[in-house]
There are 2 protein chains.
Amino acid sequence: MRVLVIYDISDNDVRAKLAEDLKRLGLSRIQRSAFMGTISPSVLKDLKRVCGMRAKGHDDVIHIVQLCDYDWRRVVVIGKPWSEGLEGDVVVV
Amino acid sequence: MRVLVIYDISDNDVRAKLAEDLKRLGLSRIQRSAFMGTISPSVLKDLKRVCGMRAKGHDDVIHIVQLCDYDWRRVVVIGKPWSEGLEGDVVVV
């Protein structure tokens, strides 16, 4: 299944840890605070559990958006998509 | 149609203007840099045009995600969803 995860986490360390979690679960960064990817139903369970662990701050919020193939294909990207090379240059934490 | 707009805009002023645009187009903020809402096909055209105007920075990127009803209903929210009250307290610009 395809998922998009977007997050608003106040604490820098927690935000960095969540980003590591999302990479470990097989997702790819598409924005500073957004990841997308294809995962199995069992990984989706892990994803929800991990997000629940990380979103502990007062104003923290994470949205997990499951996308059908049709919605996935019609995502519009405007501007410069995040790339691994760029990721190395930008201070995320 | 249902849309989710997420953005990564470096310039504070441009980011604030984009947020105003998205509100004007009828979307509601769900995170610091994410809006959702139901719009017409003609507004979707305006939305793409506006996003194209705002994403001018070197690393700026905006994703417009159209969601079918099924995907819309199964969005998982973890933590505290953004509210209008909260929006007044948080410095977005």
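FYI, side chains are in, hydrogens and waters are out, and symmetry mates aren't considered; it's all heavy atoms of this structure. Letters A, B, ... mirror the listed sequences (proteins, then strands); counts begin at 1.
The distance from atom CZ of B:Arg74 to atom CE of A:Met1, rounded to the nearest 0.5 Å, is 7.0 Å. One finds the OG atom of A:Ser33 at 8.0 Å from the CD atom of B:Gln31 (value rounded to the nearest 0.5 Å). A distance of 10.5 Å separates CD1 in B:Ile6 from OH in A:Tyr7, rounded to the nearest 0.5 Å.
When heavy atoms are compared at a cutoff of 4.5 Å, A:Lys56 does not approach chain B at all. Contact annotation for B:Leu4: only side-chain heavy atoms (C-beta onward) come within less than 4.5 Å of a heavy atom of chain A.
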| task | Assess whether side chain to side chain contact (heavy atoms under 4.5 Å, CB included) is satisfied between A:Ile78 and B:Asp60, documenting all intermediate values. | result | CA-CA 8 Å; A:Ile78 297 165; B:Asp60 290 350; over 6 Å; no

| request: Output, in order, the C-alpha distance, side-chain angles, deciding distance and verdict of side chain to side chain contact (heavy atoms under 4.5 Å, CB included) for B:Leu67 and A:Val65. | output: CA-CA 9 Å; B:Leu67 295 172; A:Val65 184; 3.8 Å; yes

| task | Determine, step by step, whether B:Ile62 and A:Val77 satisfy the side chain to side chain contact (heavy atoms under 4.5 Å, CB included) criterion, reporting the C-alpha distance in whole Å, the side-chain angles of both residues, the deciding distance to 0.1 Å, and the verdict. | result | CA-CA 6 Å; B:Ile62 302 173; A:Val77 185; over 6 Å; no

| field | B:His63 and A:Val76: CA distance, side-chain angles, deciding distance, side chain to side chain contact (heavy atoms under 4.5 Å, CB included) verdict | value | CA-CA 6 Å; B:His63 289 80; A:Val76 175; over 6 Å; no

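Taking B:Gly79, B:Gly57, B:Ala34, B:Cys68 one by one and counting their heavy-atom pairs under 4.5 Å with chain A, the maximum is reached by B:Cys68.
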